[in-house]
Amino acid sequence: MGAYADAHRRSLSDPDGFWLDAARGIEWDRAPERALADSGRWFADGVLNTCFNALDRHVRDGHGARTAVIWDSAMAGGAMAGEQLSWSYQEMLDRVARFAGALRSRGVGKGDRVIIYLPMVPEALVAMLACARIGAVHSVVFGGFAPKELAARIDDAQPAVIVAASCGLEPNRVVEYKPIVDEALRMSEHRPAGGVVMLQRPQSPAELGPDDVDWDELVATAEPADCVPVAATDPLYVLYTSGTTGRPKGVVRDNGGHAVALHWSMGAIYDIGPGDVFWTASDVGWVVGHTYIVYAPLLAGATTVVYEGKPVGTPDAGAFWRVISEHRVKALFTAPTAFRAIKRVDPEARELDRYDVSSLQTLFLAGERLDPETYQWAVDRLRIPVIDHWWQTETGWPICANLRGLEPMPVKPGSPTVPVPGFDVRVLDQSGQQAPAGTEGAICIKQPLPPGMLPTLWNDDARFHESYMSRYPGYYRTGDSGYIDEDGYVFVMGRTDDVINVAGHRLSTGSIEAVLAGHPAVAECAVIGVHDPLKGQVPRGFVVLKSGVEIDDETLRAELVAAVREQIGPVAAFRDVDVVDGLPKTRSGKILRKSMREIADTGDAKVPSTIEDPAVLDGLRGALRGRRE
Ligand code: COA
Ligand code: AMP
């Protein structure tokens, strides 16, 4: 039996043995005696500190001089000259211990929440690890969200402190964060008792109010804080992600299972060990950033690259190659959309000739389906293994992958390869029976769920069960559909719910619909994800006007687009909305989104037998044809 098959089989038949072995990669204040408790929680009798494992122990073991973090900003510095710095493990530890003390001086203690609203600066890692150090629970909010989204997270997480920066940098503008935070605090009911800690960036320092405190000033007088031991089952963070409704779901991550799974994954999946340079081009606001920019590389004693920039336009399509060559990156992890962006601007990859990218051994892609053209382009240009892997915020690490450090397997384009040890992946049909090989169905994970996966949703255990566990008893429903072929390779085809994936960013069509429905002229509406050659999918809206309303289509469109940007944020990339006479519905009133998607993507759709009024589909075809022309 190969190393992969052996590991996968053992992880399911002897989870205690498998994961207690993996747990030896982590240092515990009290080592767990069992891996999987009867409650389904991992390492329930273990006690540890995640920050200790990410920083202190490397320094203690004599690696304080090794580089922990390289920050490379393509956008800071004058005229896009760029700016860089690197911090050793010792320096990171000093900064984190001091900021942990600073948080404590603002009243943050074990179990308290801290909302972190920071762009791609190294202080984001400092703030996250400082929370972990004192047992506080961080909740990072992505910078592309609007005040209303931030407010919803403030009210749900009830933070003791908010840590924010004065601004973020986008290629075409400086995004002032301070007004966003102020506006969110005006909208939210909750007030953080410890106020807002503001990191002043030179590009646009903020004027501080009475409840704000300057990061540097706070840190200057702070006493460094030591690591606080926490139960393995205590929460490390809450990360909000889009569900099918407008209300985001607070995915909870615990300390013990997370540390063990991530540490194990760095060697087994990514083939990265101490001292290797690992670059995940994502954002700390997403799960990919939490896991593979911050925690996993540092748990492994590797060097992590924090890149503030885009794949193109900052300043050109050679940006990624430059970062790889300057920092001698061994493995890069990003979303396929980033490669589509590079391919669109520089189809022959001429920029590659300007850089020595020989350090790069593997390219990992995830976050959305990897289309075969992009896969082939990357393979042809880079001539290294290009590895698709599949995961989601809820799992926190890959469900399916080609485990490069354990046993590299042949690649089948279109498939993220095989289930990672710990994940018992099954494809189920409508009746909950296992689908035969090659037959598409709902991809589910049979319980027990592996370490690192969410144990619940913040403050909403009922929603956790209802969203994931109730449809197929004994299984976690991923929300993706797909199939498993005869060789055991998994193919992920797309979501079965109203979640869409825009440039690797997960969005809920329900939340966009809620904004459209709030416009006084709109009677009803639907939003679907339609194919986009760069971003994979983009949202497209359809609205039906209230009778008697007189408004010209262009004005309405502009107002709706502006409303989505204002209420959800620029990241929604909402630009297309059409006025139609009616929405296709079943006789029981359910909107036929699948038919709408078919028309949008192919120009036509089969008329479903359940449709109430087939003529509505003609109106939709007309609207979309007009758009294409
Ligand atoms: N703060 C504020 N605004 C942000 C933001 C942030 N952190 N991130 C994105 N935005 C804004 C952008 O400026 C843009 O605004 P605009 O409408 O005024 O132009 C909007 O949100 C949409 O951003 P994005 O989806 O990133 O589109 P883009 O056209 O700017 O860039 C890509 C397209 C493909 C280059 C870009 O999405 C990318 O680099 N993706 C990489 C993949 C990735 O990071 N995935 C995350 C999960 S792995
Ligand atoms: P997120 O929670 O933002 O990471 O988004 C998770 C969703 O992105 C998954 O449920 C999938 O729909 C999609 N996704 C992520 N990675 C892949 C992949 N490699 N192939 C296909 N879809 C993916």
Side-chain angles (χ1 to χ4, degrees), residues 75 117-120 141-146 165 167-177 180 239-243 249 251 280-293 307-314 317 319-320 333-345 364-371 375 387-401 414-417 443 454 477-482 490-497 499-507 529 532 534-538 561 564-565 568-575:
M75 289 188 292
Y117 190 59
L118 291 171
M120 286 293 285
V141 180
F142 177 64
F145 282 123
C167 68
L169 306 177
E170 282 295 292
N172 48 2
R173 65 189 193 286
V174 171
V175 183
E176 310 279 352
Y177 278 21
I180 298 177
L239 177 59
Y240 289 88
T241 190
S242 302
K249 294 169 167 170
V251 168
T280 297
S282 175
D283 190 287
V284 286
W286 307 117
V287 69
V288 170
H290 278 61
T291 300
Y292 289 117
I293 294 174
Y307 173 65
E308 186 182 44
K310 304 269 172 176
V312 295
T314 57
F320 273 26
F333 175 1
T334 190
T337 187
F339 266 69
R340 287 197 298 270
I342 298 170
K343 174 171 165 248
R344 191 160 82 161
V345 176
F364 292 92
L365 297 170
E368 53 170 332
R369 189 172 166 271
L370 173 57
D371 54 289
Y375 166 77
I387 303 302
D388 182 12
H389 57 328
W390 167 57
W391 49 305
Q392 38 184 226
T393 307
E394 290 85 345
T395 66
W397 63 297
I399 309 164
C400 284
S415 166
T417 319
I443 316 184
L454 80 171
R477 188 175 64 96
T478 64
D480 282 304
S481 78
V490 178
F491 288 76
V492 182
M493 306 310 288
R495 298 286 303 195
T496 53
D497 54 17
V499 166
I500 60 170
N501 202 309
V502 180
H505 310 320
R506 175 165 157 184
L507 297 168
D532 181 81
L534 174 65
K535 298 192 175 187
Q537 278 188 310
V538 287
V561 166
V564 172
R565 196 177 171 94
I568 297 179
V571 68
F574 181 75
R575 298 207 170 84

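When a ligand or atom number is given, it counts from 1 through the structure's own listing order.
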Subject >> Straight-line distance of Trp391 CH2 to Tyr292 OH, nearest 0.5 Å >> reply: 5.5 Å
Original post:
Should you measure from each heavy atom of Lys310, which atoms of ligand 1 turn up under 4.0 Å away?
Top reply: 9 (C), 26 (O), 30 (O)
Original post:
Does Phe333 have a heavy atom less than 4.0 Å from any atom of ligand 1?
Top reply: no
Original post:
Which atoms of ligand 1 sit under 4.0 Å from any heavy atom of His505?
Top reply: 25 (O), 26 (O), 45 (N), 46 (C)
Subject >> Phe364: partners by ring pair (Phe, Tyr, Trp, His ring centres under 6.0 Å), with sequence neighbours left out >> reply: Tyr270, His389
Subject >> Any non-hydrogen protein atom less than 4.0 Å away from atom 35 (C) of ligand 1 >> reply: yes
Original post:
Using the ring of each side chain (for Trp, its six-membered ring), is His505 parallel, tilted or perpendicular to Phe142, with breaks at 30° and 60°?
Top reply: tilted
**OP:** Could you tell me whether Trp286 and ligand 1 have an N or O pair separated by under 3.5 Å?
**Re:** no
Original post:
Does ligand 1 have an atom under 4.0 Å from some heavy atom of Met120?
Top reply: no
Original post:
At a 4.0 Å cut-off, with the gap strictly under it, does some heavy atom of Val312 reach an atom of ligand 1?
Top reply: no
**OP:** Check side chain to side chain contact (heavy atoms under 4.5 Å, CB included) between Ala319 and all other residues, then give those that pass, not counting sequence neighbours.
**Re:** Tyr307, Thr314
Subject >> With sequence neighbours excluded, residues passing side chain to side chain contact (heavy atoms under 4.5 Å, CB included) with Thr241 >> reply: Lys249, Val251, Thr393, Glu394, Arg506
Original post:
Would you say Arg575 touches ligand 1, if touching means a heavy atom closer than 4.0 Å?
Top reply: yes
**OP:** Decide whether an N or O pair under 3.5 Å exists between Arg173 and ligand 1.
**Re:** yes
Original post:
Among the heavy atoms of Gly367, does any lie under 4.0 Å from an atom of ligand 1?
Top reply: no
**OP:** Can you sort out which atoms of ligand 1 are near Gly144, meaning under 4.0 Å from one of its heavy atoms?
**Re:** 1 (N), 2 (C), 3 (N), 4 (C), 5 (C), 6 (C), 7 (N)
**OP:** Identify, by atom number and element, the atoms of ligand 1 in contact range of Ala503, meaning under 4.0 Å from any of its heavy atoms.
**Re:** 25 (O), 37 (O), 42 (C), 45 (N)
**OP:** Flag atom 42 (C) of ligand 1 as yes if some protein heavy-atom distance to it falls below 4.0 Å, otherwise no.
**Re:** yes
**OP:** Please write down residue, atom name and distance for the protein heavy atom closest to atom 24 (P) of ligand 1.
**Re:** Lys535 NZ, 3.8 Å
**OP:** In sequence, state the C-alpha distance, the side-chain angles, and the governing distance for Asp480 and Met493, and then conclude on side chain to side chain contact (heavy atoms under 4.5 Å, CB included).
**Re:** CA-CA 7 Å; Asp480 282 304; Met493 306 310 288; over 6 Å; no
Subject >> Proximity flag Pro311 to ligand 1, non-hydrogen atoms under 4.0 Å >> reply: yes
Subject >> Numbered atoms and elements of ligand 1 in range of Val571, under 4.0 angstrom, heavy atoms >> reply: 21 (O)
Subject >> Within the protein, residues bringing a heavy atom under 4.0 Å of ligand 2, chain by chain >> reply: Val287, Gly367, Glu368, Arg369, Asp388, His389, Trp390, Trp391, Gln392, Thr393, Asp480, Val492, Arg495, Asn501, Arg506
Original post:
Could a heavy atom of Arg565 be found less than 4.0 Å from some atom of ligand 1?
Top reply: yes
